[in-house]
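Please read the structure below before turning to the comments.
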Amino acid sequence: MKKWEVFSLRTVRKKLLMVSKLAGIALVFSYIVSARLPLDSNTAFLLWFLFVVGLMLMIDFIMGRFISKPIAQLHQAAERMANLDFSLSCHVTSADEFGELSNHLNTMAENLQQALSGLEAANIRLEKEVEQERYLLAERKELIDNLSHEMKTPLGVIRAYAEGMQDEADVEKQQKYAAVIISETERLSDMITTLLDLSALENGAVQLASVRFDFVELVETVAGRLLIDAPDADFVFQYDLPEHKVYVQLDKGRMEQVLCNLFINAKKNTCPQGILKISLVEHKGELQVSIYNQGTPIPEEKLPKIWEKFYRDSNVSYRGSGLGLAIVAQILEMQNIAYGVKNCLEGVVFYFSIPIVM
């Protein structure tokens, strides 16, 4: 410790001692001065009394300035911190214990605020993890329930025809039964694969890979495959495509899946000798894609439901898994692509719009 620090006023105790000593000296000095004044005793005493009163007021001000006010500020700061309010800091800046206590309180408040912020962030993360876990459990339950429900019909068919084969001596009928069993087995396998794929997309287990590609070429490829797979199709295929390349930035494999599912859905719902048409139109930096099939319109109240899993229109004659359009909706939503369906003249049109890239 330096020698001059012995005489400094860096502690409350030293300040109190200094004030009390100065007050005592002032009292003694004022008494001596008042006693030697050329005044009568009553006047001298009155002057001394007034001086003492003034001295007391001055000491009270000094005590309030250096003791009471800092204590009040520290009390208010501690009370705020006790109520977990760290918005205001303590502003006692005196070079003594009160100032050090103020700094310690501010440091403690800052550390507590950081700790609370960390706890809040951890709590938010935990809530999200719990919510995600609940979502995954619900998805698993839904997957199991759907599989159990949807597998009953094909399994029942397979069992019935398998039992029929055991009791059937006609080889031709056995082959027919075997073909039905194989068909139902393939249908069941496709349904399970599709449902697992959709479930993976919904719970985030599959990430989409965005690449730049020519969307016109992709449409031509998928449409060509549709015509090859249906050489005896009872519909008229039409198309309206740009004569130049149109590039987009999307997951190419998943967009091919979208187009295939929409084409298959349109083909199944096109009336005999009806029109199935694919159109690509460039408009304001976007490529508007529409697939039209001529056929029975969808009732307006059922339009929102067609994107749901396992939804099947009771009015259609074909059998399907009820997952194709659900996968279309999931893939488009994951890429923030607006999509929809609407009834039009003598048919239904599915549509979506994707941004064009250079």
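- Judged by distance alone, the side chain of Asn111 and the main-chain N or O of Thr107 form a donor-acceptor pair under 3.5 Å.
- Counting only N and O atoms by type, the side chains of Asn343 and Glu300 include a donor and acceptor under 3.5 Å apart.
- Summarising the local packing, CD of Glu220 is surrounded by more than 12 heavy atoms from other residues, nucleotides or ligands at distances under 6.0 Å.
- Distance check, rounded to the nearest 0.5 Å: CG of Asn293 to CG of Asn269 gives 5.5 Å.
- Rounded to the nearest 0.5 angstrom, Leu323 CG and Ile192 CD1 are separated by 11.0 Å.
- In this structure, Glu184 and Tyr161 have side chains that are not in contact, with every pair of non-hydrogen atoms separated by 4.5 Å or more.
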**OP:** For side-chain contact (heavy atoms from CB on, under 4.5 Å), just list the numbers for Ile327 and Asp197, CA-CA rounded to whole Å, side-chain angles, deciding distance to a tenth of an Å, and then say yes or no.
**Re:** CA-CA 8 Å; Ile327 286 184; Asp197 185 32; 4.2 Å; yes
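- The closest donor-acceptor contact from the side chain of Asn106 to the backbone of Ser102 lies under 3.5 Å.
- Residues Val211 and Phe215 share a single hydrophobic cluster, defined by chaining ILVMFWY side chains whose heavy atoms lie under 4.5 Å apart.
- Side-chain contact check for Arg254 versus Met334: every heavy-atom pair is 4.5 Å or farther apart.
- Between Cys260 and Val222, the closest heavy-atom pair is SG-CG1, 3.8 Å.
- Residue Pro272 comes nearest to Asp234 through the heavy atom pair CB-OD2, 3.3 Å, listed as atom of the first residue, atom of the second, then distance.
- The side-chain tip of Lys267 does not point at the ring of Phe235 from less than 6.0 angstrom away and within 45° of straight on.
- The number of heavy atoms from other shown groups lying within 6.0 Å of CE (Met108) is above 12.
- When atom types are taken as modelled, the side chain of Arg212 and the backbone of Met358 share a donor-acceptor pair closer than 3.5 angstrom.
- Neither Ile264 nor Ile331 shares a network with the other; the hydrophobic side chains, linked directly or stepwise wherever heavy atoms of I, L, V, M, F, W or Y lie under 4.5 Å apart, form separate groups for each.
- Within the 3.5 Å criterion, the main-chain N or O of Ser210 finds no donor-acceptor partner in the side chain of Asp251.
- With rounding to the nearest 0.5 angstrom, the CD1 atom of Ile306 is 4.5 Å from the CD1 atom of Ile298.
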Subject >> Derivation and outcome, side-chain contact (heavy atoms from CB on, under 4.5 Å), residues Ile181 and Thr185 >> reply: CA-CA 6 Å; Ile181 292 174; Thr185 303; 4.0 Å; yes
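- Rounding to the nearest 0.5 Å places CG of Leu250 at 5.0 Å from CZ of Phe213.
- Atom CG in Leu201 sits 7.0 Å away from atom CD in Gln257 (nearest 0.5 Å).
- By the 4.0 Å N-to-carboxylate-O rule, Glu172 lies too far from Lys176 to be salt-bridged with it.
- Counting heavy atoms from C-beta outward, Phe263 and Leu276 have side chains that approach closer than 4.5 Å.
- Summarising the geometry of Ala23 relative to Ile59, their closest heavy-atom pair is CB-CD1, 3.3 Å, with the distance given to 0.1 Å.
- Closest heavy-atom contact between Trp307 and Leu325: CE3-O, 3.4 Å.
- Taking CG of Leu188 as the start and OG of Ser183 as the end, the distance is 11.0 Å to the nearest 0.5 Å.
- Residues Val33 and Phe51 have side chains not in contact (no heavy-atom distance under 4.5 Å, counting atoms from C-beta outward).
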Original post:
So Glu346 and Tyr292, side-chain contact (heavy atoms from CB on, under 4.5 Å) or not? Walk me through it.
Top reply: CA-CA 10 Å; Glu346 298 183 348; Tyr292 165 80; 4.1 Å; yes
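- Annotation: Phe352 is not in aromatic contact with Tyr339 [ring centroid separation under 6.0 Å not met].
- Val289 places a side-chain heavy atom less than 4.5 Å from the side chain of Ile278.
- Checking side-chain atoms of Thr193 against main-chain N and O of Ser189 turns up a donor-acceptor pair under 3.5 Å.
- Using a 4.5 Å heavy-atom cutoff, the side chains of Arg159 and Leu155 are not in contact.
- Across all non-hydrogen atoms, the minimal contact from Val349 to Ser290 is CG2-CB, 3.7 Å.
- A continuous path of hydrophobic side-chain contacts links Met255 to Tyr239 [ILVMFWY only; heavy atoms under 4.5 Å].
- Tyr351 and Leu332 sit in two unconnected hydrophobic clusters of ILVMFWY residues. Membership requires side-chain heavy atoms under 4.5 Å apart, directly or through other members.
- Val236 and Leu241 are members of different hydrophobic clusters when ILVMFWY side chains are connected at heavy-atom separations under 4.5 Å.
- In terms of heavy atoms, Ser353 sits closest to Glu286 at CB-OE1, 3.6 Å.
- By the 4.5 Å heavy-atom criterion applied to side chains, Val206 and Gln330 are not counted as neighbours.
- With a 4.5 Å cut-off on side-chain heavy atoms, Gln288 and Ile354 do not count as touching.
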